[in-house]
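Just so it is clear: chains get the letters A, B, ... in the order the sequence lines come, proteins before strands, and each one is counted from 1. Note that this is a predicted model, so its numbers are computed, not measured.
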Number of protein chains: 2
Amino acid sequence: MQPKRNTWQREAVRATLAEAHGFVSAQQLHQSLRDGGSTIGLATVYRNLAGLVETGEADSLQSPEGENLFRSCATQGHHHHLICRSCGDTRELSATVVEEWTQRVGAEHGFSEIEHVVDLFGLCARCRAARSA
Amino acid sequence: MQPKRNTWQREAVRATLAEAHGFVSAQQLHQSLRDGGSTIGLATVYRNLAGLVETGEADSLQSPEGENLFRSCATQGHHHHLICRSCGDTRELSATVVEEWTQRVGAEHGFSEIEHVVDLFGLCARCRAARSA
DNA sequence: CGTTATAGTGATAGCCGTTCTCATTTAGAA
DNA sequence: TTCTAAATGAGAACGGCTATCACTATAACG
């Protein structure tokens, strides 16, 4: 276990991430902080985000454009997301079915160290209503 | 409909992609072509790959590292992939379990038009053996 | 308290995949 | 053959991210 010091930068990243409504990019987060008067560096934002992901305090996923997005995580442990492609609203999902399936399929093909990307994008009820209005 | 001309470059990309065993990056494909004596440019490889994806002749997905990978598509219609992160060898999967799960979860949360990204990355038997040797 | 070792920081350079630019080439129609 | 614009290719540019390294400040210890 590496030593971890408490810095105001780490806390600032944590706080700003928590304030964000959905998934945010590291750069957006950095900009928010700078806009708020912080002198925090971009590299530090990246480092702390990576740290938060490692400890399970934050989630990360790739946007379809290949950018890494982050979100402060409510649920501990492994889980997936259902994301509204219109408003970005996110639901956290746990999916035993999927976990079992990945393991089984991996084993059947002789693959090990299975990593899986399972994210659902859809249109939430509110956005669907708004669109048809 | 935009005009499409037939160039030897397009055909070369198609052919080399078909020869590849699994998912390949644009850069790898370009390198293969150059190694084979072709004078094709990198930008052209990118352009033609994008074109093939658009017409459904090729699949594309993001690796966990954020790189775009391409593959000439055997199965028509919706399917998933199990990909060796070392050699790129790929198995196409159909997964009724997963399809059902996505629909159910979407409905439970009032989401519609569910799109899902489900791709598995692992280490195939051959690469695992090679690594421990 | 003050001292001190070192984890953490921040500016910036660098890396890597991808896209853009633009002069040149060439497919395909006339 | 002639013509025109789609397509090409070399390299510049771009954007996200990581590495570097001198400096700062946390927190353990005296």
Discussion item. Considering only residues two or more places apart or on different chains, which pairs with a residue in residues 111-128 of chain B satisfy salt bridge (charged side-chain N to carboxylate O under 4.0 Å, His left out)?
Written reply: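 Pairs touching residues 111-128 of chain B that pass the test: A:R85-B:E113, A:R85-B:E115, A:R131-B:E113.
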Discussion item. Give me each pair satisfying salt bridge (charged side-chain N to carboxylate O under 4.0 Å, His left out) with a member in residues 56-78 of chain B, each pair once, sequence neighbours excluded.
Written reply: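 Output for this query lists B:R14-B:E57, B:R71-B:E92.
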Discussion item. Nearest 0.5 angstrom please: A:F111 CZ to A:T102 OG1, how far?
Written reply: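 It comes to 13.5 Å.
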Discussion item. Under 4.0 Å, heavy atoms only, any strand: does B:S25 hit a base, just the sugar-phosphate, or nothing?
Written reply: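 Nothing, no heavy atom under 4.0 Å.
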Figure out the [atom1]/[atom2] separation between [X] and [N], and round it to whole Å.
{"X": "A:R10", "N": "C:dG10", "atom1": "CZ", "atom2": "P", "value": "12 Å"}
{"X": "A:L29", "N": "D:dG16", "atom1": "CG", "atom2": "C1'", "value": "15 Å"}
{"X": "A:R34", "N": "C:dT9", "atom1": "CZ", "atom2": "C1'", "value": "12 Å"}
{"X": "B:H30", "N": "D:dG9", "atom1": "NE2", "atom2": "C1'", "value": "9 Å"}
{"X": "B:L69", "N": "C:dT18", "atom1": "CG", "atom2": "C1'", "value": "14 Å"}
{"X": "B:Q27", "N": "C:dT19", "atom1": "CD", "atom2": "P", "value": "11 Å"}

Fill in: Residue pairs fulfilling ring-ring contact (aromatic ring centres under 6.0 Å, His included) with at least one residue in residues 113-132 of chain B, sequence neighbours excluded
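For residues 113-132 of chain B: B:H78-B:H116, B:H80-B:H116.
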Are there any protein N/O atoms within less than 3.5 Å of an N/O atom in nucleotides 26-28 of chain C, and if so, which ones and at what distance?
| residue | atom | partner | partner atom | Å |
| --- | --- | --- | --- | --- |
| C:dA27 | N3 | B:R5 | NH1 | 3.1 |
| C:dG28 | OP1 | B:N6 | N | 3.0 |

Fill in: Selection: residues 41-49 of chain B, any non-hydrogen atom under 4.0 Å of DNA chain D
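Here the set is B:G41, B:A43, B:T44, B:R47, B:N48.
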Worksheet entry | B:N68 side chain near C:dT18 phosphate (N/O to OP1/OP2, under 4.0 Å) |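 It does, given that an N or O in the side chain of B:N68 lies less than 4.0 Å from OP1 or OP2 of C:dT18.
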Discussion item. Please enumerate all residues that pass side chain to side chain contact (heavy atoms under 4.5 Å, CB included) together with A:R104, with sequence neighbours excluded.
Written reply: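 Partners of A:R104 by the side chain to side chain contact (heavy atoms under 4.5 Å, CB included) criterion, ordered by chain and then number, come out as A:W101, A:E108, B:V97.
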Worksheet entry | Set of side chain to side chain contact (heavy atoms under 4.5 Å, CB included) partners for B:T44, sequence neighbours left out |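 Side chain to side chain contact (heavy atoms under 4.5 Å, CB included) list for B:T44, sorted by chain: B:Q9, B:I40, B:R47, B:N48.
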Worksheet entry | Nonpolar side-chain network containing A:L123, other nodes, edges under 4.5 Å |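 In the cluster with A:L123 there is nothing else; it is isolated.
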Worksheet item: Rest of the hydrophobic cluster containing A:Y46 (Ile/Leu/Val/Met/Phe/Trp/Tyr, side-chain heavy atoms under 4.5 Å)?
Response: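 Members other than A:Y46 - counting any ILVMFWY side chain reachable under 4.5 Å - are A:L42.
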